[in-house]
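Heavy-atom basis, side chains included; hydrogens, waters and symmetry copies ignored. A, B, ... follow the sequence lines: proteins, then strands. Residue 1 opens every chain.
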Amino acid sequence: MPEPLNHTEPVVITGMGIISALGRSAVECLEGLSKEGTPPAAPDIPGCTVTKPSFGAELPSGRDTEKGRTLALAGHAFEQAVNQAGLEVSAGERTGICAGTTVASQLNDIEFYSRYRKGTVESYDAVHRYLAGNPAEALKRDYGLGGPAMTVVNACSSGTDAVGTAMAWLNSGRCDAVIAGGADELNRVPLSGFNALGILSDSPCRPFDADRDGLNLGEGAAFLVLETLSSAKARGAAPMAECRAWATASDAYHLTSPRPDGLGLETAVTKALNRAGISGKRIGFINAHGTGTQTNDRTEGLVFGKLFKSSVKIYSTKGHTGHTLGAAGAIEAVLTVLSLQRQWLPASRGYADFDENVGIRPVEKEQAIHAEYAMSTSLAFGGMNSVLIFKRYNSEGDR
Amino acid sequence: MKVIGKSFIDNPAGLKIKGARRADKFAKMAVKACLDIPIKNPRPDSDTETGVIVATRFGPHATTFKFLDGMLDHSDTRGSPTTFSHSVHNAAASYITTLLGIQGPAATLTCFDDPLGRALELAEDWLVLNHVDQVYVCYVEERSAPFDGIQEGCGALPFYGTGGTSEGAAAVLLTRDGNTPIPDTAEAPFWAIDAIGKKGR
C-alpha cells in the first residue's frame with residue numbers, strides 16, 4: 001500500500017479553468033455572476049423536441065468538436081487550468097487526471113442508434129468516438145499525462161467526487177499533482193430523461209424559492225489543478241486556495257429521491273468538517289447544490305438549518321449556470337474558490353420568496369464577506385451526498 | 001489490504017432480489033455479487049464506515065438502449081422515467097448501498113483501461129486514509145443485443161463478449177489489515193473471475 005502523506009501537508013489549488021453559460025473563463029464567469037445574464041432558452045439541439053429552458057455554453061470559435069462536445073468543453077477548461085498553474089502535464093507518472101461526467105460515459109448517439117435499428121449503419125464512427133471519449137482517458141491521451149486516469153460517474157456529484165478522488169490520490173501519496181474536474185454537454189438523452197422524471201422547470205429555475213418548480217439543465221466544464229503544497233513550492237507555483245477536505249456519504253434510501261431526514265448529507269457534512277479539523281462556525285459560506293427542485297432544496301435546508309443554524313451564508317449558482325450534471329460539482333468548486341479569493345458573494349439568482357419548509361434565506365444581494373473557509377455541496381441521483389471544504393490561502397503561513 | 005469476502009455471479013437469468021424488483025440486469029448482478037459475500041460480523045444499522053466502489057467499462061448499456069428505443073419509438077417527450085433512472089451508471093451502487101444499508105462513501109467509475117485496477121487502487125486509498133473500515137469493490141459488465149451487433153460489425157469494443165464468461169459481476173470485500181497486493185487487472189473480467197476461484201478461460 002502507498003505510504004500516506006503526512007496529513008499536515010496541505011493540498012492546494014494552483015490553477016482553475018471553467019466554461020459555462022456564465023462565460024469561457026474564470027474572469028468572465030465571475031463577472032457574469034453579478035449580471036442579470038441571458039435567461040435559459042429552449043435547447044438548440046437537432047431533433048430534440050424537449051423545449052424546457054436550458055443553459056448553453058459558448059465554445060470559442062475554432063475549438064474542435066469532432067471528438068464530441070463534452071470533450072471540447074473539457075479540453076477548454078483543462079487547458080486554462082494547467083496554463084494558470086504553469087504545470088508541465090507530461091512530467092511523469094505522478095500527475096493524474098480525474099474527471100466527472102454523465103453523458104460521455106454512454107454510447108447514446110441517437111442518430112447512430114436509429115440507423116443501427118434500421119440496419120443501415122454505414123460507419124461506426126460514433127462507436128469509435130464513444131470509445132475515445134472517456135473524458136479522463138481522452139485528456140490523458142491528448143495532453144500526454146503519465147499518471148492514473150479515472151472517470152467518475154456518480155451522476156450529479158461526479159465533479160465533486162472527481163476533486164475528492166484527486167485529494168485521495170494526493171493524500172495517499174499516489175500522485176504529486178492531479179487535474180480534476182468535470183464536463184457535460186446538453187444532450188437529447190438527459191433532456192428527455194429529466195423531462196420524463198418531471199423535474200424540469202418551464203421557467204428560469206428558482207433555487208430555495210417558495211415557488212420553485214424544478215431545475216434547468218446546463219452544460220459546461222471546469223478543471224482544477226490540485227497538488228501538494230511541497231509540489232507547488234518546488235515548482236514555484238502560487239496556491240490560490242487550499243482544498244481542505246472532501247467527504248461523501250450514501251442515503252441508502254432511494255434511487256431518485258433524497259432521504260427526507262437528510263441523514264446522508266448530514267453525515268457527509270459532518271465528516272468533511274471533521275477531516276478539515278474545524279467546526280461549522282468557521283464555514284463562511286456554502287455554495288449549495290440548490291437545484292430548484294422541491295426535494296433537493298428542502299433536504300439542504302433541513303440539514304444546513306440543523307448544522308449551521310442561521311450563522312452561514314448560503315447561495316446557489318444554478319440560476320446562472322443551470323444544472324450541468326457531471327460538471328456541476330467542479331464548476332461550483334471553481335466558483336466557490338473565486339468567491340473565497342475575492343471575498344465576495346453573488347446573489348442567489350431566482351430566489352424571491354422564503355419557503356418555511358426550506359427554512360433558509362439564500363444570499364439575495366451580492367455582498368462583500370470575510371470568510372476563511374467555504375463549503376460546496378452536491379447531492380446526486382442514487383442517494384450520493386458529497387461535500388468539499390476550501391480554505392483561503394495565506395502565503396504568509398497562516399493557512 | 002485484505003480480502004475478507006468474495007463472490008461472483010455469471011448467470012443473470014432469473015435473478016430475483018428482494019427490494020430490487022425494478023432493477024435492471026446490470027444492477028441486479030452487481031447487487032447479487034455483493035449480497036452473496038458471507039459476512040462474519042453483522043454491520044450496524046447505520047453503517048457509515050463501509051464503502052462501495054463499482055467499476056465498469058460499459059455500464060448499463062442494455063438499459064440505455066432501451067431508453068433510446070423509447071425516444072425513437074415515441075418521442076423525446078415520452079421517455080420512461082424508470083428506464084432513464086436505471087440507465088445512469090451509478091444506479092447499481094445505489095441499489096447496493098440501499099439493500100446492504102451502507103451509508104458510507106459510494107463511487108462508480110468507468111474507463112476502458114483497467115477499470116478494476118483503478119477501483120482497487122481507490123479502495124486502497126480510502127482504507128489508508130481511514131475514509132472507511134471496509135469497502136466493497138464490484139466489477140460488473142453486461143451484454144446487450146445492440147452491443148453484440150456493434151461488436152460483430154466493427155469489433156472495436158475492448159474485452160466485450162470475450163472469454164468463457166462475457167457478462168457477470170464479481171465483488172470483493174476489503175479491509176485494511178493484511179497486505180494483499182493489487183494484481184495485474186488489465187483483463188479485468190478474467191481477473192475478477194479468477195479472484196473468486198472460478199477460471200474464466
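Taking 4.5 Å as the heavy-atom cut-off, the residues of residues 251-260 of chain A that approach chain B are Asp251(A), Ala252(A), Tyr253(A), His254(A), Leu255(A), Thr256(A), Arg259(A), ordered by number. Of residues 86-99 of chain B, those residues with a non-hydrogen atom less than 4.5 Å from any non-hydrogen atom of chain A are, in numerical order, His86(B), Ser87(B), Val88(B), His89(B), Asn90(B), Ala91(B), Ala93(B), Ser94(B), Tyr95(B), Thr97(B), Thr98(B).
To the nearest 0.5 Å, atom CZ of residue Arg57(B) and atom CG of residue Leu131(A) are 11.0 Å apart. Between the OG1 atom in Thr49(A) and the NE2 atom in His74(B) there is a gap of 13.0 Å [rounded to 0.5 Å]. Rounding to the nearest 0.5 angstrom, the gap separating the CG atom in Asp76(B) from the OG atom in Ser192(A) is 5.0 Å. Note that the SG atom of Cys48(A) and the CE atom of Met71(B) stand 7.0 Å from one another [nearest 0.5 Å].
Put simply, of Asn195(A), Val152(A), Leu191(A), Ile110(A), the one with the most heavy-atom pairs under 4.5 Å next to chain B is Ile110(A). Note: Cys111(B) leads Cys111(B), Pro158(B), Ala119(B) in heavy-atom pairs under 4.5 Å with chain A. For the set Ala155(A), Ser158(A), Gly100(A), the entry with the most heavy-atom pairs within less than 4.5 Å of chain B is Ala155(A). By number of non-hydrogen pairs under 4.5 angstrom with chain A, the leading residue of Thr83(B), Asn130(B), Thr56(B), Thr108(B) is Thr108(B). Comparing Leu109(B), Leu72(B), Ile102(B) by how many heavy-atom pairs each has under 4.5 Å with chain A, the most go to Leu72(B). Chosen from Thr151(A), Thr101(A), Val153(A), the residue pairing most often with chain B at heavy-atom distances under 4.5 Å is Val153(A). Interface summary for chain B: among Gly264(A), Gly383(A), Ala249(A), the most heavy-atom pairs under 4.5 angstrom belong to Ala249(A). Chain A forms the most heavy-atom pairs under 4.5 Å with one residue out of Phe147(B), Trp126(B), Phe65(B), and that residue is Phe65(B). By number of non-hydrogen pairs under 4.5 angstrom with chain B, the leading residue of Ala247(A), Gly193(A), Ala380(A) is Gly193(A). Ranked by heavy-atom pairs shorter than 4.5 Å toward chain B, the options Pro148(A), Ala162(A), Gly382(A) are led by Gly382(A).
Using a 4.5 Å cut-off between heavy atoms, Asp47(B) does not touch chain A at all. Residue Ala20(B): no heavy atom, backbone or side chain, is found under 4.5 Å from chain A. Residue Thr267(A) touches chain B through its side chain alone, counting heavy-atom pairs closer than 4.5 Å. For Lys52(A), no part sits under 4.5 Å from any heavy atom of chain B, backbone or side chain. Only the side chain of Val127(A) comes within less than 4.5 Å of a heavy atom of chain B; its backbone N, CA, C and O stay farther away. Neither the backbone nor the side chain of Ala268(A) comes within contact range of chain B; no heavy atoms are under 4.5 Å apart. If you measure heavy-atom distances from Ala136(A) to chain B, you find no contacts under 4.5 Å at all. Contact of Leu263(A) with chain B is made through the side chain alone, with heavy-atom distances under 4.5 Å.
Formation of a donor-acceptor pair under 3.5 Å by the Arg117(A) side chain with backbone atoms of Pro146(B) is not found in this model. Distance alone, capped at 3.5 Å, is enough to place a donor-acceptor pair between the Asn154(A) side chain and the Ala106(B) backbone. Judged by distance alone, with hydrogens and angles left aside, the side-chain atoms of Lys271(A) form a donor-acceptor pair with the main-chain N or O of Thr48(B) at under 3.5 Å.
Across Ser105(A) and Thr110(B), no two heavy atoms sit closer than the pair CB-CG2, 4.1 Å. The two residues Ala196(A) and Ser80(B) make their nearest non-hydrogen contact at CB-C, 4.1 Å. The two atoms that bring Ser250(A) and Gly104(B) nearest to each other are OG-O, 2.7 Å, heavy atoms only.
More than 12 heavy atoms of other residues, nucleotides or ligands lie within 6.0 Å of CZ in Arg141(A), so this atom counts as buried by the packing criterion. Heavy-atom contacts from other residues, nucleotides or ligands closer than 6.0 Å to CG of Asp73(B) number more than 12.
Applying the ring pair (Phe, Tyr, Trp, His ring centres under 6.0 Å) criterion to Tyr116(A), with sequence neighbours excluded, gives no partner residue. Remark: Phe67(B) engages Phe84(B) in a ring pair (Phe, Tyr, Trp, His ring centres under 6.0 Å) (not counting sequence neighbours).
A salt bridge between Asp113(B) and Lys140(A) is absent, with no side-chain N of the basic residue lying under 4.0 Å from a carboxylate O of the acidic one.
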For Val128(B) and Asn171(A), what are the C-alpha separation, side-chain angles and deciding distance, and is it a side chain to side chain contact (heavy atoms under 4.5 Å, CB included)? CA-CA 9 Å; Val128(B) 165; Asn171(A) 285 325; over 6 Å; no

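Using a 4.5 Å heavy-atom cutoff, the side chains of Ser172(A) and Glu124(B) are not in contact. Side-chain contact check for Ile150(B) versus Leu107(A): some heavy-atom pair is nearer than 4.5 Å.
Ring planes of Tyr130(A) and Phe112(B): perpendicular class, angle over 60° (limits at 30 and 60°).
Each of Thr64(B), Leu68(B), Thr63(B) was evaluated against Gln106(A); a single residue qualifies, Thr64(B), per the side-chain contact (heavy atoms from CB on, under 4.5 Å) test.
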